[in-house]
Amino acid sequence: MIVLTLPDGARREVPVGTPARDVVASIGERLLKAAIAVVVEGETVDLGTPLRRGGAFRVLTEKDPESLAVLRHSGAHILATAVRRLRPDAQIGFGPAIDDGFYYDFGVEKPFTPEDVEAFEAEMRKVVAEKYPFVREEIDRVEANRRFSDDPLKLERIADLGADEVISTYTDGPFIDLCRGPHVPDTGYLKHFKLLHTAGAYWRGDERRPMLQRIYATAFWKKEDLEQHLFRLEEAKRRDHRVLGKTLDLFMFSQVSPGSAFWTERGTTMYNTLVDFVRDRQREAFQEIRTPLIYNKMLWEQSGHWGKYRENMFLIHNKETEELDSSLKPMNCPSHYVLYGAKKHSYRELPLRYVTFDVLHRNELTGALSGLTRVRQFSQDDCHVFLMESQIDEEVRFLMDFILGHYATFGLEARIKFATRPEVRIGSDEMWDRAERALESALKATGKPYELKPGDGAFYGPKIDFDVQDSLGRAWQLGTIQLDYAAPERFDLQYVGEDNTTHRPVVIHRAVSGSIERFMAILIEHFAGAFPVWLAPEQVRVLPISDDLAPVAAEVTAKMKAAGIRAHMDARSDTLNYRIREGEMMKVPYMAVIGKREAEAGTLAVRERGQGKKQEVVGVDAFIARVLEDVRSRSLGNSGAATGA
RNA sequence: GCUGACGUAGCUCAAUUGGCAGAGCAGCUGAUUUGUAAUCAGCAGGUUGCGAGUUCGAUUCUCGCCGUCAGCUCCA
């Protein structure tokens with residue numbers, strides 16, 4: 001017998017091997033109808049599964065988020081069912097549920113065409129209508145090998161299974177798949193789904209293995225949820241920074257330098273504004289430095305990059321030695337160590353924080369490049385802190401405040417992750433114990449919630465990562481605080497302590513925006529190009545209604561510029577409507593219209609971005625004061641994040 | 001790097017089976033002097049990504065290169 005504890009504390013005692021369905025039925029008939037699967041001691045199993053162990057027991061219905069993954073996994077099987085019907089020769093790879101849906105990998109001679117995908121979706125609807133139950137079977141290894149003898153992918157998977165693992169299959173109508181489960185009761189449960197796109201994917205992610213054809217899809221319990229998801233995908237397309245970069249005239253790319261942005265005047269204004277913002281916040285407690293862009297291999301040999309990272313560096317040909325023995329820097333750390341190590345440091349200087357915005361180059365694979373989010377040339381708001389071990393606690397708190405304050409300025413929410421020692425690492429266990437303890441206690445002291453990521457740390461030390469969610473709910477890993485005991489050893493860094501002997505400092509690597517380029521991309525998408533006033537490349541556009549008012553408008557524009565406002569006049573002879581339309585499309589936060597009335601009264605008819613005809617007539621000085629206040633307070637005002645524009 | 005799709009005017013996109021490369025917007029010129037999201041007319045704009053090949057003839061078909069995009073384990 002096993003004992004199951006229900007969420008309300010009630011207990012059920014049932015014989016070993018009782019199907020979960022029977023337990024659910026004993027709780028209530030209506031619950032059985034709504035049930036998708038059950039969770040026993042944290043493990044999700046389907047209703048047909050014989051229960052082998054007891055513990056906390058709860059029933060999943062459509063309302064439980066976990067049930068969606070079950071539905072999607074079943075969706076993957078239904079997709080495979082349809083594909084096998086139309087393409088019986090297709091080999092079956094993996095078909096898991098993923099964050100936003102599911103996919104399935106198929107081994108086929110010819111890649112799928114968009115028409116194939118349409119046909120698969122139509123066929124899936126048939127499979128759904130046929131309501132095949134998902135039948136679970138547990139079989140032994142010999143039987144498993146026999147059943148999947150025609151599919152080398154599955155045979156390989158079976159061979160990888162541990163000796164003590166239960167091998168199970170799931171059958172829905174004509175389709176059988178090696179699968180751990182769980183699944184929904186029958187194929188009829190999949191009502192709202194859509195196949196999205198296809199792509200090549202290496203078998204088991206290994207580029208030396210054959211390439212399979214992956215079909216991505218998504219599914220939801222409710223029609224509205226599916227529609228909302230598809231709408232979100234559309235919305236993401238509309239906010240795509242690569243598109244907005246063009247229409248808002250911020251940056252471009254050219255085949256003469258793949259992966260490196262050309263910034264226009266408007267884009268450069270924004271870029272500089274962002275950098276100035278960080279620089280300003282760092283003015284008091286940090287020391288900004290600049291180090292060379294090119295180094296010979298001595299440095300990279302010392303840092304260890306020459307061995308492991310050389311493929312990703314842009315190497316430079318040496319005329320005298322005829323060798324590729326130097327490179328553009330792909331990161332700042334080693335050069336900061338060189339500068340630190342060049343003179344003696346007292347404990348009184350610590351923590352010493354070197355910051356820089358130097359340009360970095362990484363030779364990314366061509367296929368990895370994508371807009372501003374994956375580039376070959378970029379800058380980081382990079383910082384290396386040299387400190388005593390006893391200062392870690394306070395320093396981490398200081399850096400965290402700094403980082404979170406940065407995101408808050410843009411209305412971005414951060415999730416904090418604490419990553420501990422990976423399997424492949426350097427340094428003793430004792431060192432890792434100390435480092436992890438120090439970092440986590442500092443993290444705890446901040447009182448902020450965080451997530452644990454065991455094994456996800458850097459090879460030289462544990463770290464805290466900051467994942468930021470933009471206005472579409474997409475997560476980006478930006479900031480990081482990494483503890484490093486290894487670099488000070490490698491570079492023999494020292495400080496003179498209170499006791500007048502030399503000691504080894506600890507290094508903390510810190511980034512806030514990550515790369516400025518990528519952060520720009522995130523901001524463009526987060527705000528949908530409608531930037532807060534302080535960040536907008538053009539803050540005010542002054543529009544004289546007719547030519548004869550241009551001199552007045554020019555004077556007003558000059559006054560705004562003198563006050564430090566990024567103002568431009570548009571006195572072209574096009575109609576006011578035309579010029580306003582253009583200003584709105586360029587997402588200028590304010591348009592100031594000057595007609596005869598305003599010229600005489602010394603006022604402006606102010607139109608706020610996205611507010612349509614709602615206009616306000618204010619004095620020139622009052623308006624200037626208002627814009628300056630927007631800038632000073634870095635108000636999010638009517639930015640795209642605030643309005644969803 | 002690998003797989004697939006794509007590359008036509010500054011931008012967004014057309015161009016039957018291979019048969020003179022087009023449109024809208026933007027630009028320029030002129031007229032219009034405008035009161036809150038497109039005034040009208042005219043003009044100009046191209047080595048169809050680059051290079052070979054097939055053909056009487058290539059934007060279209062074939063090959064190579066360059067670039068862009070979707071992806072390349074969230075494990076049965």
Side-chain angles (χ1 to χ4, degrees), chain A residues 69 72-73 76-77 80 92-105 108 110-114 144 148 151 153-161 165-170 176-181 196-216 240 242-243 246-247 249 252-259 311 363-371 543-550 571-586 591-598 605-617:
Chain A
R72 287 168 172 173
H73 186 192
H77 277 237
I92 304 297
F94 291 163
I98 53 175
D99 280 350
D100 286 325
F102 60 90
Y103 67 77
Y104 214 112
D105 288 343
V108 284
K110 273 191 182 170
F112 301 132
T113 63
F148 295 100
D151 196 327
L153 302 181
K154 289 291 168 189
L155 290 176
E156 184 180 328
R157 184 67 193 103
I158 293 166
D160 284 350
L161 286 170
E165 284 186 76
V166 175
I167 300 177
S168 58
T169 63
Y170 276 82
I176 179 166
D177 196 4
L178 183 72
C179 178
R180 184 170 49 194
L196 297 172
H197 52 262
T198 60
Y202 296 108
W203 170 234
R204 313 193 95 171
D206 186 339
E207 62 188 58
R208 289 161 306 192
R209 308 299 300 271
M211 176 152 293
L212 308 180
Q213 290 303 310
R214 174 170 299 178
I215 299 178
Y216 280 94
D240 190 327
R242 292 167 301 193
V243 176
K246 233 180 245 173
T247 55
D249 191 25
M252 62 158 221
F253 286 91
S254 159
Q255 59 174 352
V256 299
S257 184
E311 292 209 337
N363 199 355
E364 302 286 354
L365 294 176
T366 51
L369 301 177
S370 176
L543 306 175
I545 284 182
S546 58
D547 280 354
D548 53 321
L549 296 168
R572 289 175 300 176
S573 66
D574 295 291
T575 60
L576 182 64
N577 270 333
Y578 179 88
R579 286 176 288 156
I580 285 190
R581 178 181 148 83
E582 196 171 275
E584 285 285 352
M585 289 199 306
M586 291 303 279
M591 276 183 272
V593 177
I594 300 183
K596 212 184 279 176
R597 292 198 294 274
E598 287 76 18
V606 175
R607 178 189 169 110
E608 253 192 79
R609 175 179 56 203
Q611 302 298 304
K613 293 193 186 206
K614 210 168 81 187
Q615 47 183 300
E616 206 184 332
V617 178

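Throughout, protein chains are lettered first and strands after them, A, B, ... in sequence-line order, and every chain is numbered starting at 1.
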- Message: Any base atoms under 4.0 Å from A:Lys596, or only sugar-phosphate, or nothing? Heavy atoms, all strands.
- Response: base

Verify the contact: side-chain N or O of [X] to OP1 or OP2 of [N], cut-off strictly under 4.0 Å; return yes or no.
X: A:Thr366; N: B:rG1; value: yes
X: A:Arg214; N: B:rC72; value: yes
X: A:Tyr578; N: B:rA26; value: yes
X: A:Lys246; N: B:rU12; value: yes

Protein-nucleotide distance ([X], atom [atom1]; [N], atom [atom2]), rounded to Å:
X: A:Asp249; N: B:rG10; atom1: CG; atom2: P; result: 15 Å
X: A:Asn577; N: B:rA37; atom1: CG; atom2: P; result: 5 Å
X: A:Arg242; N: B:rU12; atom1: CZ; atom2: P; result: 13 Å
X: A:Arg572; N: B:rG30; atom1: CZ; atom2: P; result: 16 Å
X: A:Leu365; N: B:rG71; atom1: CG; atom2: P; result: 16 Å
X: A:Met586; N: B:rA38; atom1: CE; atom2: P; result: 18 Å
X: A:Tyr103; N: B:rG71; atom1: OH; atom2: P; result: 13 Å
X: A:Tyr202; N: B:rU73; atom1: OH; atom2: P; result: 10 Å

- Message: Taking donor-acceptor contacts at under 3.5 Å, does the side chain of A:Ser573 reach the base of B:rU33?
- Response: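 Per atom types, no contact qualifies.
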
- Message: Does A:Arg607 contact B:rA37 through a side-chain donor or acceptor facing the base, at a distance under 3.5 Å?
- Response: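 Checked by distance alone, the answer is yes.
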
- Task: Could you tell me which nucleotide pairs with B:rC74 by Watson-Crick or G-U wobble geometry, both distances under 3.5 Å, or answer none if nothing does?
- Result: none

- If pairing requires Watson-Crick or G-U wobble contacts with both distances under 3.5 Å, which nucleotide is the partner of B:rU62? B:rA52

- Message: Is any side-chain heavy atom of A:Arg607 closer than 4.5 Å to one of A:Glu616?
- Response: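 They are not in side-chain contact.
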
- Just wondering, do A:Tyr170 and A:Arg180 contact through their side chains at under 4.5 Å, heavy atoms? no

- Task: For the residue pair A:Tyr104 and A:His77, categorise the inter-ring angle as parallel (less than 30°), tilted (30 to 60°) or perpendicular (more than 60°).
- Result: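 A:Tyr104 vs A:His77 ring planes: perpendicular.
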
- Item | Side chain A:Arg579, main chain A:Asp574, donor-acceptor under 3.5 Å | yes

